[in-house]
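Values below: every heavy atom of this structure, side chains too, minus hydrogens, waters and symmetry copies. All of these numbers come straight from a predicted model, not from anything done at the bench. In listed order, ligands and their atoms are each counted from 1.
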Amino acid sequence: MRKYTAEICEEDFGKEIELYGWVHEIRDLGGLVFLVLRDREGFAQITLPKKVVDRELFKKARKLRRESVIKVFGQVKEEKKAPNGFEIIPREIEILNVSDAPLPLEVTEKVPAELDTRLDNRFMDLRKPKIQAIFRVRHAVVQALREFFDRHGFIEVQTPKIVSTATEGGTELFPISYFEREAFLNQSPQLYKQTLMAAGFEKVLEIGPIFRAEEHNTVRHLNEAISVDIEVSFVDHEGVMRYLEEAVREVYEKVNERCERYLGWIGVDLEVPDTPFERLSYDDAVEIARKKGEDVNWGEDLSTSALKLIAEDYGGYYFIVDWPTESKPFYAMPYESDPEISKTFDLMKGWIEIASGAQRIHKYDLLVKRMRDQGLSPENFGFYLETFRYGMPPHAGWGMGLDRLMMAILGLQNIREAVLFPRDRHRLVP
Ligand code: ATP
Ligand code: MG
């Protein structure tokens, strides 16, 4: 019977099973050869005592090259000294594919490698259990998010990634040639998810790529990232903040439930964050940074150095709310009582921004005015603006970087660790 290494249990003792995997290690002690077989769920020790196993088989095992792909058929034997409490005495080892040597990267991690070298040889890097575990957790995170929003009545959608207008009029766009015209890769699904509010969907979820031509190379920016976006009608910014914090908390709970083994490989102990998350006003955040000697101009986005000072007091998840209207995109709703500030929020984990959201402007005239204030031409937003003329409901939403959330959950120091094949200023391959 075919098994994963992690499925082998006491009931299998004495029985014959079939394993598929890679040769992780070989130890040749002369009269005894130990192989460590690695599959996606773990390891198994394959033991070949010269006196017990077939002679040809013993010779073959000795000559195996590390990282070759093999199929092992053999008997499970209890062995207290083996790492899992059992070993396999093989009757047959089939070599499915031989690996070349030397290896471009060590899977055993006996030799540490630079991140760049690891990413250049990502398929080998991903063979390391603690690296592959990141993506097992990522799978659970996405699944938990889908379950959460499905349960709350959200409709998952996919909007176009080839677009004709900039979402926010910024310069961070990748132009592409679209037959005889110029088009862009979408930097956010913002305009489309708002359009779906006009279409009467009420609650939408999208998990998809965003593209940003950020020139700078940082530990938290990529040129292609995955964004988890929601948009909800008939609620304000507070309403969507509650979805956000509850979703994050549930993600932690489900990852703890479903990824115990993988968290162990990574060496992470997940503590479920308490909700509601603390709300810190932009004004108070500025005050904290100023008191610590940082020069902050009211009205501007908070710099990395200011955020690092604030994070000395706020290590976990918290919201920074009520941002200056001028620091946020044109579609953010200003407070009626004080239009200088807006119904906006960023979800932070320490100094890293995880998500940004707002109640949106749903009134046509105000929206056009805000576009002009920000130096944008309403003519460029034709299809979007039209939707505000024929019954656009009040609505709010947010966008959360999935890769940033992974950094936060697993304590990863570089966003590239959370992405299979990251795209940055210098990396287009693999
Ligand atoms: P930052 O200030 O950190 O550059 P932003 O405010 O420009 O982010 P938003 O436009 O608010 O980003 O996008 C929503 C979310 O998408 C961010 O909170 C972040 O989690 C994620 N995100 C944005 N840009 C990137 C990027 N270049 N790489 C990875 N994730 C990103
Ligand atoms: Mg933001």
Side-chain angles (χ1 to χ4, degrees), residues 138 141-142 145 161 166-174 184-194 205-231 237 240-241 244-245 247-248 251 277 282 285 300-308 310-311 317-332 342-360 374 396-409 412-427:
R138 191 172 160 122
V141 168
V142 172
L145 288 167
K161 303 306 155 206
T167 309
E168 299 172 18
T171 50
E172 308 164 348
L173 280 168
F174 284 112
F184 303 94
L185 292 176
N186 209 3
Q187 63 186 169
S188 143
Q190 185 62 31
L191 306 186
Y192 287 97
K193 57 183 188 162
Q194 287 194 263
L205 166 71
E206 176 160 9
I207 302 177
I210 57 171
F211 303 92
R212 305 208 175 178
E214 329 238 15
E215 291 271 352
H216 47 304
N217 241 336
T218 79
V219 295
R220 66 183 198 286
H221 288 97
L222 291 171
N223 296 110
E224 177 177 342
I226 297 295
S227 177
V228 179
D229 268 89
I230 73 161
E231 203 66 30
H237 55 305
V240 288
M241 283 161 74
L244 182 48
E245 61 197 353
V248 168
V251 161
F277 298 158
Y282 171 87
E300 286 176 8
D301 201 0
L302 296 170
S303 66
T304 302
S305 54
L307 289 170
K308 284 188 172 165
I310 296 160
Y317 287 100
Y318 61 102
F319 286 107
I320 300 181
V321 300
D322 300 344
W323 290 72
T325 305
E326 62 189 286
S327 73
K328 287 292 180 184
F330 67 85
Y331 47 77
S342 54
K343 299 182 177 182
T344 48
F345 58 89
D346 278 6
L347 174 65
M348 307 294 299
K349 170 83 190 300
W351 64 277
I352 297 212
E353 179 188 318
I354 306 297
S356 280
Q359 182 181 331
R360 325 296 191 186
Q374 297 212 349
W398 45 254
M400 168 168 70
L402 177 64
D403 321 292
R404 296 256 182 110
L405 179 64
M406 290 304 301
M407 284 179 85
I409 292 174
L412 306 172
Q413 299 302 311
N414 192 319
I415 195 167
R416 290 161 185 77
E417 297 275 6
V419 178
L420 286 172
F421 304 106
R423 290 288 171 264
D424 65 27
R425 186 73 180 80
H426 304 294
R427 186 170 288 281

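The closest side-chain heavy-atom distance from Val228 to Leu405 is not below 4.5 Å. Looking at His216 and Arg425, their side chains never come closer than 4.5 Å, going by heavy atoms from C-beta outward. Residues His221 and Arg404 have side chains in contact (heavy-atom distance under 4.5 Å, counting atoms from C-beta outward). With a 4.5 Å cut-off on side-chain heavy atoms, Asn223 and Arg427 do not count as touching. For the pair Leu420 and Arg138, the minimum side-chain heavy-atom distance is 4.5 Å or more. In this structure, the side chains of Ser356 and Lys328 come closer than 4.5 Å at one or more pairs of heavy atoms. Annotation: side chain of Glu353 is not in contact with side chain of Asp301 (no heavy-atom distance under 4.5 Å).
Heavy-atom contacts of Gly399 reach the following atoms of ligand 1: 14 (C), 15 (C) (cutoff under 4.0 Å). Near Ala225, meaning under 4.0 Å from any of its heavy atoms, are these atoms of ligand 1: 28 (N), 29 (C), 30 (N). Taking a cut-off of under 4.0 Å to the non-hydrogen atoms of Leu222, the atoms of ligand 1 that pass are 26 (C), 27 (N), 28 (N), 29 (C). Residue Ala355 has at least one heavy-atom neighbour below 4.0 Å for each of these atoms of ligand 1: 18 (O). Those atoms of ligand 1 with a heavy atom of Ser356 less than 4.0 angstrom away are 11 (O), 18 (O). For ligand 1, the atoms lying closer than 4.0 Å to a non-hydrogen atom of Glu214 are 24 (N), 26 (C), 27 (N).
Considering both main-chain and side-chain atoms, Ile415 never comes within under 3.5 Å of ligand 1 through any nitrogen or oxygen pair. In terms of polar-atom proximity, Ile354 is counted as a contact of ligand 1, with an N or O under 3.5 Å from an N or O of the ligand.
Both the backbone and the side chain of His221 come within contact range of ligand 1, each with a heavy atom under 4.0 Å. At a 4.0 Å heavy-atom cut-off, ligand 1 touches Glu353 through backbone and side chain alike. With a 4.0 Å heavy-atom cut-off, ligand 1 is reached by no atom of Gln187.
Closest of all the heavy-atom pairs between Ala332 and Ala358 is CB-CB, 4.2 Å. Annotation for Gln194 and Glu231: closest pair CG-OE2, 4.1 Å, computed over non-hydrogen atoms. Contact detail for Ala418 and Leu412: the closest heavy-atom pair is CB-CD1, 3.8 Å. When all heavy atoms of Leu185 and Leu173 are compared, the pair lying nearest together is O-CD2, 3.7 Å. Heavy-atom minimum distance, Lys161 versus Pro189: NZ-CB, 4.4 Å.
Around the Mg ion (ligand 2), protein N, O or S atoms at less than 2.8 Å number 2.
Classification of the Phe319-Phe345 ring pair by plane angle, with boundaries at 30° and 60°, yields perpendicular.
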Practice task
Kindly indicate, with the supporting measurements, whether the criterion side-chain contact (heavy atoms from CB on, under 4.5 Å) is fulfilled by Val321 and Met241.
Solution key: CA-CA 10 Å; Val321 300; Met241 283 161 74; 3.5 Å; yes

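For the pair Ser227 and ligand 1, no heavy-atom separation below 4.0 Å is found. Not a single heavy atom of Asp403 lies less than 4.0 angstrom from ligand 1. In this structure, Arg220 counts as a contact residue of ligand 1, since one of its heavy atoms falls inside 4.0 Å of the ligand.
Looking at Ala213, Gly357, Gly401 and measuring to atom 16 (O) of ligand 1, the nearest heavy atom belongs to Gly401. The nearest non-hydrogen atom to atom 19 (C) of ligand 1, considering only Arg404, Met348, Met400, Glu224, comes from Arg404.
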